[in-house]
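Not measured: the values here are computed from a predicted model.
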Amino acid sequence: MAAQDLFAERYPQMLNLGLPQRDVDAVRAAVEHMWADEPGGWVYEWSARAAAYAGARRHDLAYLAYGWAKFPSLADAAKLTALARQTEQYQLAAPGFPVPFDRRVLNLPHRGALTPVTVHLLGPAGGPVLIASGGLDSWKMDLHPLLVRLALDGGVQVMAFDLPGTGETQVPMTAVGGFELVQGLVEHARSIGNGRVGHFGFSMGGYYAAHSGLTGLVDAAVDLGGPIRDSFTEDNLKKLVFGMADIFGNALGFDHQPQPGELLALLGDYPLDELLAQDRNSPMLVINGADDVHVTQSDTLLFEGRRATDVWLVPDTGHVAASKLPGVVPVIASWLAEHLA
């Protein structure tokens, strides 16, 4: 995984989720390698930028920069330290959020036991609740600016969480275990609002949102860039770039660099073919960039023609339509306002 390749892919996301371009460019120029925690290293240079923000009391920028410092996975002590500092800076920034904020820990069922899941509530209570997550490498605090826009413009209280295998959620990712955690989150969400619940998922989070929509678990579901069926094939896994296969392997619990066959052996129950063959979905919005190098176009287009389902393959942009987010997020917010009102 080459650091400069990751900048090439994630640069639009870095800017569109709130960091100043001049500062991103400065870190990009300083980073020479990915893993060593030393000058020129990814985590070192991003952490130095974050510390400078924190020293200037720009906690809102510090938590975003620490989020990139721990990117793409918690594979070593330096990344874990960056996540701890991101959490600290995020809570320091909270008094300046334009929406009410609460951080709480839920103990949710998971494979015969209970596991703690930290959630962030963004927005006023009493109305519809939108459970929301990022994906394998962009987590709840990283997506904060996007989630605030959904809360403000979508008329929802967002309940943000990290997927299994990522962030502050401690259990490894599995399809069934993830569905179980989502069900617990939905039940809690129904108890704290007016009973109406939606599910928004970004990247791998979109997979779980699609599952919630196809099963009718929620009242409305938005899948932004989620893999659904064809992305879980061996051919597609072999094509993954920018370290995505290794990032996925980390979430699944591997402690070494997995081969495509090893990944495939754990993905047998991921494709949603059985649910796609049924007709009990709640209203769904399915979006992705037409030029996504990770998720196949077919995993978006296969929703075309479904009842109560809107599909948008955004041209001239890649995974999760990252370079077009300023235009995509208002569409999502408007759709949520209409379907969760």
Side-chain angles (χ1 to χ4, degrees), residues 72-75 79-80 83 105-119 131-140 159-189 199-218 221 223-234 236-238 240 243-278 294-296 299:
S73 61
L74 303 180
K79 301 286 190 183
L80 287 165
L83 175 62
V105 178
L106 309 178
N107 288 307
L108 300 177
H110 180 264
R111 311 193 81 171
L114 294 177
T115 190
V117 177
T118 300
V119 300
I131 71 166
S133 80
L136 298 173
D137 53 44
S138 300
W139 308 332
K140 62 181 182 295
M159 188 166 75
F161 67 100
D162 295 325
L163 293 177
T166 74
E168 295 184 280
T169 301
Q170 299 173 7
V171 292
M173 180 175 288
T174 62
V176 175
F179 302 154
E180 190 175 16
L181 280 190
V182 166
Q183 185 172 355
L185 289 162
V186 170
E187 290 175 359
H188 184 75
H199 189 169
F200 166 79
F202 181 98
S203 189
M204 190 64 192
Y207 166 80
Y208 289 97
H211 182 273
S212 294
L214 288 169
T215 58
L217 177 66
V218 293
D223 161 16
L224 177 56
I228 301 298
R229 183 187 66 193
D230 299 337
S231 299
F232 295 120
T233 63
E234 186 171 7
N236 194 63
L237 291 172
K238 289 179 178 178
L240 291 177
M244 186 54 66
D246 300 336
I247 296 168
F248 200 3
N250 183 273
L252 291 169
F254 283 98
D255 60 1
H256 62 275
Q257 186 175 35
Q259 297 301 310
E262 291 181 281
L263 287 176
L264 194 65
L266 295 184
L267 297 180
D269 55 353
Y270 274 80
L272 299 178
D273 297 85
E274 291 185 13
L275 292 178
L276 289 165
Q278 300 175 10
H294 304 303
V295 174
T296 64
D299 274 1

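Looking at heavy atoms from C-beta onward, T296 lies out of side-chain contact with T233 at the 4.5 angstrom threshold. L214 is not listed as a side-chain neighbour of Q278, based on a closest heavy-atom distance of 4.5 Å or more. Looking at L181 and T115, their side chains come closer than 4.5 Å, going by heavy atoms from C-beta outward. Residues L114 and P109 meet the side-chain proximity criterion, which asks for heavy atoms closer than 4.5 Å. In this structure, the side chains of M204 and S133 stay at 4.5 Å or more apart for every pair of heavy atoms.
Scanning all heavy atoms of the two residues, the minimum distance from P164 to G178 falls at CG-CA, 4.0 Å. Considering every non-hydrogen atom in both T174 and R111, the closest pair reads CG2-NH1, 3.4 Å. Of all non-hydrogen atoms in V119 and M159, the two that sit nearest each other are CB-CG, 3.9 Å. Counting all heavy atoms, side chain and backbone alike, P258 lies closest to G249 at CG-CA, 3.9 Å. Between P227 and S203 the shortest heavy-atom distance is CD-O, 3.9 Å. The two residues A210 and D223 come nearest to each other via the heavy atoms CB-OD2, 4.1 Å.
Judged by distance alone, the side chain of N236 and the main-chain N or O of H294 form a donor-acceptor pair under 3.5 Å. Distance alone, capped at 3.5 Å, is enough to place a donor-acceptor pair between the T215 side chain and the H211 backbone. In this structure, the side chain of D162 engages the main chain of E168 through a donor-acceptor pair within 3.5 Å. Without hydrogens or angle criteria, E234 side chain to L264 main chain gives no donor-acceptor distance under 3.5 Å. With hydrogens and angles ignored, the 3.5 Å screen pairs no side-chain donor or acceptor of Y270 with any backbone N or O of Y207. Proximity of a side-chain donor or acceptor of D230 to a complementary backbone N or O of D299 within less than 3.5 Å is not detected.
Going from atom CG of N250 over to atom CG of L74 covers 7.0 Å, rounded to the nearest 0.5 Å. Atom CZ of F232 and atom CG of D269 lie 9.5 Å apart (nearest 0.5 Å). Residue K238 holds its NZ atom at 10.0 Å from CD of Q259, rounded to the nearest 0.5 Å. To the nearest 0.5 Å, atom CZ of residue F248 and atom OG of residue S73 are 13.5 Å apart. Note that OG of S138 is 11.0 Å distant from CG of L163, once rounded to the nearest 0.5 Å. Here the straight-line distance linking atom CG of D137 with atom CD1 of I247 works out to 4.5 Å at 0.5 Å rounding.
Residues forming a side chain to side chain contact (heavy atoms under 4.5 Å, CB included) with A245 (at least two apart in sequence, or on another chain): L240, L263. A search for side-chain hydrogen bond (donor to acceptor under 3.5 Å, both in side chains) contacts involving S212 returns H199, not counting sequence neighbours.
Counting non-hydrogen atoms of neighbouring residues, nucleotides and ligands closer than 6.0 angstrom, the CD atom of Q257 reaches no more than 12 such neighbours.
Aromatic ring centres of F161 and Y208 lie farther apart than the 6.0 Å criterion allows.
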